[in-house]
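Since the structure comes first, as structure tokens, the remarks are kept for the end.
Given the structure is predicted, the values throughout are model-derived calculations rather than measurements. Start at 1 and go down the list; that is how both ligands and their atoms are numbered.
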Amino acid sequence: MASLTTSLGPLHLATPLIAASGTVGSVVEFANSIDFTLYGAAVAKSVAPEAWPGRAAPRIAPLGDGMINGIGIQNPGIDAWLDEVGPEIAAIPTQVWASAVAHEPDGFAEVAAKLEQAPITAVEVNLSCPNLDGAPFALDPVLSHDVVSRVRAATTKPIGAKLSPDAMPIAAVAAAVVDAGADWLTIGNTVMAAGIDVRTRRPTITGFIGGYSGTPIRPITVRCVIEVRRELPDTPILACGGVSHADHAIEYILAGADAVGLGSVHFAKPRAARGILSGIARYLDREGFSAVGELKGAYEPWN
Ligand SMILES: Cc1cc2nc3c(=O)[nH]c(=O)nc-3n(C[C@H](O)[C@H](O)[C@H](O)COP(=O)(O)O)c2cc1C
């Protein structure tokens with residue numbers, strides 16, 4: 001059987017599947033319902049320097065063929081997180097990564113510095129968070145560079161920068177965060193969206209504008225991976241957006257991704273990873289690949 005082990009920059013992964021931030025709680029909360037041995041890593045929900053209360057309900061809802069969320073990154077703050085989640089991490093049978101978030105660049109660095117002694121393998125920097133002016137860091141290469149360089153200075157752990165499909169051009173933000181010291185790029189987060197229920201005439205979620213995820217965003221994120229891969233042929237990429245089937249993960253790897261995130265699929269099918277992983281293995285065997293890494297970027301151009 002073909003090998004499913006892979007790497008993402010300095011990180012060696014048992015499988016190319018990553019449980020995406022915010023879709024498996026703190027990771028330890030899901031230890032009994034998700035088989036984490038099927039994943040190369042699991043990313044905890046983003047955590048800020050201080051507790052954030054999140055938005056009022058409804059803050060998550062089905063919308064079209066996907067879902068919208070405007071949770072407001074509710075989290076207990078890094079000090080409580082370290083007390084409550086930290087001691088449980090060692091029992092998780094895969095790598096656990098933390099995810100840092102803040103409204104100011106120094107806040108990201110504060111979270112990363114406090115995580116230095118935690119039993120996590122890496123820190124993902126969630127740049128899709130509004131700064132003090134209300135716009136996400138991830139849309140601006142200069143601000144994103146500032147955040148990632150401060151996190152780089154605050155930790156010795158590998159760091160990933162999580163980009164937004166809304167950034168235009170996304171390759172400019174990607175180049176900026178790699179220059180600032182990111183070990184890998186996570187492409188990407190949700191796509192900004194909104195909906196109104198015509199029966200109640202209310203916005204779908206209280207925050208009105210939120211993040212769209214699931215099947216409909218996949219072609220957008222595939223486009224992002226292709227654009228970044230063209231500009232940065234050697235940078236490790238974790239692709240994330242709308243994966244619920246082995247073919248979707250394979251598509252991202254063909255586009256140039258090193259690993260693939262599973263996000264919204266966990267809400268409908270918490271055990272989806274098993275079928276996706278065995279589907280990738282079957283494809284590799286059938287198509288004559290001996291390792292998943294051989295598939296990376298192996299799409300056939302038209303000319
Ligand atoms: C309910 C929900 C909460 C999320 N929370 C976070 C978060 O805290 N930090 C983060 O970086 N991404 C968060 N995300 C984004 C996911 O990690 C993922 O990037 C996005 O949903 C796209 O993947 P998908 O289409 O497979 O869901 C969240 C997504 C959902 C649906």
Side-chain angles (χ1 to χ4, degrees), residues 17-27 29-30 39 41-48 51-52 54-55 57-78 81 85 97-102 108 111 122-130 136-138 144 147 151 159-167 170 184-193 204-205 207 210-222 224-225 237-245 248-249 251-252 257 259-270 272-273 276:
L17 301 185
I18 309 294
S21 178
T23 68
V24 289
S26 65
V27 180
E29 288 170 76
F30 280 72
Y39 297 79
V43 193
K45 174 139 189 85
S46 298
V47 62
W52 288 0
R55 295 214 185 99
R59 53 190 193 170
I60 184 165
L63 183 63
D65 292 329
M67 59 189 273
I68 189 167
N69 90 83
I71 288 176
I73 318 184
Q74 180 180 350
N75 76 89
I78 186 62
W81 190 95
V85 181
W97 304 347
S99 167
V101 76
F108 286 88
V111 173
V123 180
E124 193 172 68
V125 181
N126 178 4
L127 293 165
S128 295
C129 170
F137 290 97
S144 295
V147 169
V151 171
I159 59 173
K162 187 163 181 177
L163 307 185
S164 168
D166 294 316
I170 191 170
W184 84 87
L185 303 170
T186 299
I187 304 172
N189 214 306
T190 52
V191 176
M192 280 196 275
T204 314
I205 52 174
Y212 199 44
S213 63
T215 305
I217 75 166
R218 198 177 61 257
I220 298 169
T221 312
V222 170
C224 293
V225 170
I237 293 176
L238 160 53
C240 180
V243 173
S244 61
H245 187 278
H248 307 158
E251 182 182 17
Y252 275 125
V260 179
L262 303 187
S264 302
V265 69
H266 288 123
F267 294 96
K269 296 182 191 163
I276 292 173

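- Heavy-atom contacts of Gly188 reach the following atoms of ligand 1: 19 (O) (cutoff under 4.0 Å).
- Under 4.0 angstrom from ligand 1, the non-hydrogen atoms of Asn69 all belong to its side chain.
- Using the six-membered ring where Trp is involved, Trp97 and Trp184 have ring planes that are tilted, between 30° and 60° apart.
- The residue among Pro216, Gly242, Gly263 with a heavy atom at the shortest distance from atom 25 (O) of ligand 1 is Gly242.
- Heavy-atom separations between Gly211 and ligand 1 are all 4.0 Å or longer.
- Heavy atoms of Thr186 found under 4.0 angstrom from ligand 1: none, in either backbone or side chain.
- If you look at Val43 next to ligand 1, there are no close heavy atoms at all, none under 4.0 Å.
- Near Thr190, meaning under 4.0 Å from any of its heavy atoms, are these atoms of ligand 1: 20 (C), 21 (O).
- Nearest non-hydrogen protein atom to atom 13 (C) of ligand 1 is Ser21 O, 3.0 Å.
- With Asn126 as the partner, the side chain to side chain contact (heavy atoms under 4.5 Å, CB included) test is satisfied by one option alone out of Thr186, Ile73, Val111: Ile73.
- Under a 3.5 Å cut-off, the side chain of Ser144 and the backbone N or O of Phe137 do form a donor-acceptor pair.
- Under 4.0 Å from ligand 1, not a single heavy atom of Arg218 appears.
- At least one donor-acceptor pair under 3.5 Å links the side chain of Tyr212 to the backbone N or O of Gly66.
- Formation of a donor-acceptor pair under 3.5 Å by the Ser21 side chain with backbone atoms of Ala44 is found in this model.
- Where the criterion is an N or O separation shorter than 3.5 Å, residue side chain and backbone included, Asn126 meets it with respect to ligand 1.
- The side-chain heavy atoms of Leu238 and Glu124, taken from C-beta on, include a pair separated by under 4.5 Å.
- If you take CE on Met192 and CG on Asp166, they are separated by 4.0 Å, rounding to the nearest 0.5 Å.
- For atom 19 (O) of ligand 1, the candidate residues are Glu124, Lys162, His266; the nearest heavy-atom contact is made by Lys162.
- In terms of polar-atom proximity, defined here as any N/O pair under 3.5 Å, Lys45 does make such a contact with ligand 1.
- Proximity to Ala20 (heavy-atom distance under 4.0 Å) selects the following atoms of ligand 1: 17 (O).
- Of the heavy atoms in Thr221, none comes closer than 4.0 Å to ligand 1.
- With hydrogens and angles disregarded, a donor-acceptor distance shorter than 3.5 Å links the side chain of Tyr252 to the backbone of Gly241.
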